[in-house]
Amino acid sequence: MSTTQRIPAEQQAREATDRLSAAGVHGVALTWVDVAGITRVKAVPTDRLASAARTGVGMSPVFDVYLVDDSATTSPHIGGPDGDLRLRPDLARLTPLAAQPGWAWAPVDRFEQSGEPYAACQRHFARRTVERAAERHGLELKAGFETEWVVTRADAAAPGTSADTPAHATPHVTPHTALHPAPHAPLRYPSTGPAYGMARLVELSDYVRDVLDALAAQDVEVLQIHPEYAQGQFEVSVAPTGPVGAADLAVLVRETVRAVSLRHGYTASFAPVVEVGGVGNGRHLHLSLWRDGRNLCEGGESDEGGEGPNGMTADCEAFLAGVLRELPALLAVGAPAPASYLRLQPSQWAGAYQCWGLENREAALRFVAASPGRPGAANAEVKCCDPAANPYLVTGAVIAAGLAGLEAGLRLPPPVAGDPAHAGTQPRLPTSLPEALGHFERSKTLREALGEPLFGAIAAVRRAESELFDGATPHEIVAATRGRY
Ligand code: GLU
Ligand code: MG
């Protein structure tokens, strides 16, 4: 990094420090999300922020091969106690945290000590694919993640400490206390209201208001918030933004919901499944493609556009066809845990089939067409992704798959209407993590886009988590992971 680049960052950090100090902020949480989907953190006192922005904060690269239980595996490039990386906060994203008074937050990019971007940095990867879309295809992407969570009373069994834990964690990993047996107690929900029920909103009125207030205080633009299908489940969706920013927001929204929940004596679970047999938590990704200020998902009347199905342009069709083709491999990124496959069941609105459909909530790829009342709002939703996934990896991998479709000029198959589980004609997506991993390992598109260090780390972590839970019952998997994300 050159001196000319360093000075503005340092000035920016000093100004930010003054602003934060005046606002009573004592510490800044610097986060990144690992391959297993866990948000890891190093925090600095506010007056160290400038130094963190300049030289970074140290952290071991081994976390890239950490599993959901805090044990570690190894990959061809990563593993063991050696080495150090520098975490450098993105000050443009610096946000005082409304539900954690005295704290601010910023996501980091990770660098080698030499100053080179770290090859397995997930945020760099997402940014690289966004840049590739712009440079090669003149495309700008807008994205937004939905956040679903289940709220329980914090005085119920501490999540992740149930007796239903696999007794046979493999020698591949070091079993961690998080998965050690502890007395099991049933979950207790602070509300009993029905799915999408106003009763649930009334019961948790102050809580939901505080979620809204905290997000608004952090300048997060909320589109809607509602009680979801499962017991104690809610969802919030936020306005679309650039893909890297959307992944940052996914982190910020989750941690904000977590903090507000704790202040109300609740625990928020962001696991793919919280109760076995119930509807799980998804974290769907919405994407739209733009060129020269026009949404390519709704070509409309322009000369260039509209020749694809449902008014989308040919470029949009090819991009979505690329995503659709790659879904079995993408699952190893977007549905990354053994628990993900307990969620990804037919007829649960989770998107268990490799098909697309117009406003079809059972299709893994749901197209939301333009409508007269919402110009510019057409987009595609990747539904099969869940909150165990790293949002930066999901963003980058989905875009990489779309760009491959664009470069190959792919066409979409006919859309599917109705529940594909009933039609029996559509391919089911992988039903287990090992099956998804097999597709991932054969995916040239994802391998090339991710680069070997990141590709190898993802494969290693998926394999090790499969082994960790090999033979475990659904109850054991859910009990061991519901409090981890
Ligand atoms: N909870 C569902 C899931 O697992 C999604 C429900 C919805 O369509 O919002 O993805
Ligand atoms: Mg939902």
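When a ligand or atom number is given, it counts from 1 through the structure's own listing order.
Among heteroatoms of the N, O or S kind in Glu235, OE1 lies nearest the Mg ion (ligand 2). The nearest N/O/S atom of Glu148 to the Mg ion (ligand 2) is OE2.
For the residue pair Tyr189 / Glu203, no side-chain donor-acceptor distance below 3.5 Å is found, with atom types taken as modelled. Using modelled atom types and a 3.5 Å distance limit, the side chains of Asp315 and Thr313 yield no donor-acceptor pair.
Within a 6.0 Å sphere centred on CD of Glu221, other residues, nucleotides and ligands contribute 12 heavy atoms or fewer. Within a 6.0 Å sphere centred on CZ of Arg374, other residues, nucleotides and ligands contribute 12 heavy atoms or fewer.
If you number the atoms of ligand 1 from 1 as listed, the ones under 4.0 Å from a heavy atom of Glu235 come out as 9 (O). Near Gly282, with a cut-off below 4.0 Å to any heavy atom, the atoms of ligand 1 are 3 (C), 4 (O), 10 (O). Short contacts between ligand 1 and Val279, defined as distances under 4.0 Å to a heavy atom of the residue, involve ligand atoms 1 (N). Of all the atoms in ligand 1, the ones that sit under 4.0 Å from a non-hydrogen atom of His284 are 3 (C), 5 (C), 7 (C), 8 (O), 9 (O), 10 (O).
The nearest heavy-atom contact from the protein to atom 8 (O) of ligand 1 is Lys383 NZ, 2.7 Å. Closest to atom 1 (N) of ligand 1 among all protein heavy atoms lies Glu148 OE1, 2.7 Å.
Counting heavy atoms closer than 4.0 Å to ligand 1, residue Asp386 contributes nothing at all.
Results of the side-chain hydrogen bond (donor to acceptor under 3.5 Å, both in side chains) test with Asn281 over Glu148, Arg482, Gln233 single out Gln233 as the only residue that passes. A side-chain hydrogen bond (donor to acceptor under 3.5 Å, both in side chains) with Gln122 is found for exactly one of Thr395, Asp109, Asp34, Asp64, namely Asp64.
Here's the thing with Arg361: none of its N/O atoms is less than 3.5 angstrom from an N/O atom of ligand 1. At a 3.5 angstrom cut-off on N or O pairs, Ala350 does not count as close to ligand 1. An N or O contact shorter than 3.5 Å links Arg343 to ligand 1 by distance.
Using a 4.0 Å cutoff on heavy atoms, Arg283 does not count as a contact of ligand 1.
Taking 2.8 Å as the threshold, Glu228 counts as a candidate ligand of the Mg ion (ligand 2), since one of its N, O or S atoms lies below it.
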*Criterion side-chain hydrogen bond (donor to acceptor under 3.5 Å, both in side chains) on Thr147 and Trp149, from CA distance to verdict*: CA-CA 7 Å; Thr147 297; Trp149 75 97; over 6 Å; no
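Heavy-atom minimum distance, Pro391 versus Phe145: O-CZ, 3.5 Å. Heavy-atom minimum distance, Glu275 versus Val478: N-CG1, 4.3 Å.
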